[in-house]
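Any value given below was found using the heavy atoms of this structure, including those in side chains, with hydrogens, waters and symmetry copies removed. Position 1 is the first residue of the sequence; numbering continues from there. Predicted model only: the values in this text are computed from it and were never measured.
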Amino acid sequence: MKKIKIIAVALLCTLSVSLCTACTGGTSYIISANGEKQKIGPYLFYIQWLRDYHEDIITSSGYTWTKALDGYYTEKQTLRDYLISNAKSQYVSYFVVTQKFEELGLTLSEKDQETIRSTYEDQWIKEYGKDGMKRILKTLKLTEEEFKQILSVQSKSIAIIEHYYGAGGELE
């Protein structure tokens, strides 16, 4: 557990210190402190999702979205700063989980893969339609497969925990 925490904190620090974007050949990246390029698409997903979620709540409550962005969400943080900070944290979690999952050579069960596929079809395609999802994916600079990778983070997190702490796991 301590090893996982150390890896997660190191990656969090690495990415947090240098969340900056650069464009290369039309593809946007987030550059980590060690110089590795990571596609910005997952970060864009988190910032857009958080923005849309909060905008729906605020506007349905009768408040003005643009004014709310610069209002304080907490004692010390505006809503805008909160959204950016939260999106960065979720992106770092996505990055750490995805990288560790691959490093351990884990695979998702057929059931997990079916859940991800059905979530994509039954929630996203049903809500936005195929053309709508194509526009969303283009805006987020993601492929359909990369989008499904974002949807798989929870299943991958559980698989990592099971790998270490489940029955027969390394640290059972």
Side-chain angles (χ1 to χ4, degrees), residues 4 7-8 11-12 14-16 19-32 36-61 65 69 73 79-80 82-167 169:
I4 294 172
I7 291 169
L11 286 171
L12 175 65
T14 300
L15 288 171
S16 295
L19 276 173
C20 61
T21 60
C23 291
T24 307
T27 303
S28 296
Y29 295 95
I30 293 177
I31 310 297
S32 65
E36 288 185 24
K37 291 182 181 180
Q38 299 298 325
K39 286 188 76 173
I40 197 169
Y43 174 75
L44 294 175
F45 168 81
Y46 291 118
I47 195 73
Q48 294 282 350
W49 183 83
L50 286 165
R51 184 209 60 196
D52 291 350
Y53 174 79
H54 284 81
E55 184 177 18
D56 285 348
I57 292 171
I58 288 168
T59 57
S60 68
S61 300
W65 175 245
L69 272 175
Y73 187 75
L79 177 58
R80 181 186 315 271
Y82 166 79
L83 294 175
I84 291 168
S85 174
N86 197 326
K88 286 178 183 178
S89 294
Q90 289 192 27
Y91 175 76
V92 169
S93 294
Y94 160 84
F95 178 75
V96 169
V97 166
T98 301
Q99 191 172 41
K100 192 64 176 175
F101 186 84
E102 291 171 6
E103 178 185 308
L104 293 170
L106 301 175
T107 57
L108 293 176
S109 68
E110 290 293 325
K111 181 181 175 190
D112 286 336
Q113 291 177 34
E114 176 56 27
T115 298
I116 293 161
R117 187 203 61 72
S118 67
T119 297
Y120 182 74
E121 294 290 329
D122 298 342
Q123 292 179 13
W124 292 90
I125 296 291
K126 189 175 183 179
E127 176 73 22
Y128 299 103
K130 289 186 180 198
D131 289 338
M133 276 308 296
K134 285 180 185 177
R135 285 190 300 277
I136 289 169
L137 293 172
K138 184 177 179 181
T139 299
L140 297 177
K141 302 175 188 306
L142 289 170
T143 66
E144 184 178 306
E145 187 57 36
E146 290 167 334
F147 191 86
K148 288 178 182 176
Q149 290 297 319
I150 294 169
L151 299 178
S152 73
V153 170
Q154 182 178 6
S155 296
K156 288 179 178 178
S157 295
I158 293 168
I160 291 168
I161 291 168
E162 285 298 314
H163 172 81
Y164 285 109
Y165 305 106

Quiz prompt | Pairs flagged by salt bridge (Lys or Arg N to Asp or Glu O under 4.0 Å) wherever residues 142-151 is involved - sequence neighbours left out | solution = Lys39-Glu146, Glu144-Lys148
Practice problem: Please list all pairs passing the salt bridge (Lys or Arg N to Asp or Glu O under 4.0 Å) test where one or both residues lie in residues 45-60, with sequence neighbours left out. | Solution: none
Quiz prompt | Minimum-distance pair of heavy atoms, taken over all atoms of Pro42 and Ile150 | solution = CA-CD1, 3.6 Å
Exercise. Indicate the atoms forming the closest heavy-atom contact of Asp122 with Lys126, along with that distance.
Key: O-CB, 3.2 Å
Quiz prompt | Which residues share a ring-ring contact (aromatic ring centres under 6.0 Å, His included) with Phe101, sequence neighbours left out | solution = none
Should [X] and [Y] count as side-chain neighbours, where that means a heavy-atom distance under 4.5 Å?
X      : Y      : result
Ile160 : Val97  : yes
Tyr73  : Arg80  : no
Met133 : Phe147 : yes
Lys100 : Lys156 : no
Tyr46  : Tyr94  : yes
Val96  : Ser93  : no
Phe45  : Ile136 : no
Leu83  : Leu69  : yes

Practice problem: Determine, step by step, whether Leu79 and Trp65 satisfy the side-chain contact (heavy atoms from CB on, under 4.5 Å) criterion, reporting the C-alpha distance in whole Å, the side-chain angles of both residues, the deciding distance to 0.1 Å, and the verdict. | Solution: CA-CA 10 Å; Leu79 177 58; Trp65 175 245; 3.8 Å; yes
Counting N and O atoms only, with roles assigned by atom type, does the side chain of [X] sit under 3.5 Å from a partner on the main chain of [Y], one being a donor and the other an acceptor?
X      : Y      : answer
His163 : Ala159 : no
Ser152 : Ser155 : no
Thr98  : Phe95  : no

Rounded to the nearest 0.5 Å, how far apart are [atom1] of [X] and [atom2] of [Y]?
X      : Y      : atom1 : atom2 : answer
Ser85  : Lys88  : OG    : NZ    : 7.5 Å
Tyr53  : Leu50  : OH    : CG    : 9.5 Å
Gln113 : Leu108 : CD    : CG    : 6.0 Å
Thr119 : Gln154 : OG1   : CD    : 9.5 Å
Gln48  : Thr139 : CD    : OG1   : 7.5 Å
Asp112 : Leu151 : CG    : CG    : 12.5 Å

Who are the side-chain hydrogen bond (donor to acceptor under 3.5 Å, both in side chains) partners of [X], not counting sequence neighbours?
X      : value
Arg135 : none
Tyr82  : Asn86
Ser60  : none

Practice problem: Given side-chain contact (heavy atoms from CB on, under 4.5 Å), test Ile40 with Tyr91 step by step and report yes or no. | Solution: CA-CA 9 Å; Ile40 197 169; Tyr91 175 76; over 6 Å; no
Exercise. Kindly check if the number of other-residue, nucleotide or ligand heavy atoms within 6.0 Å of CD (Glu114) is above 12?
Key: yes
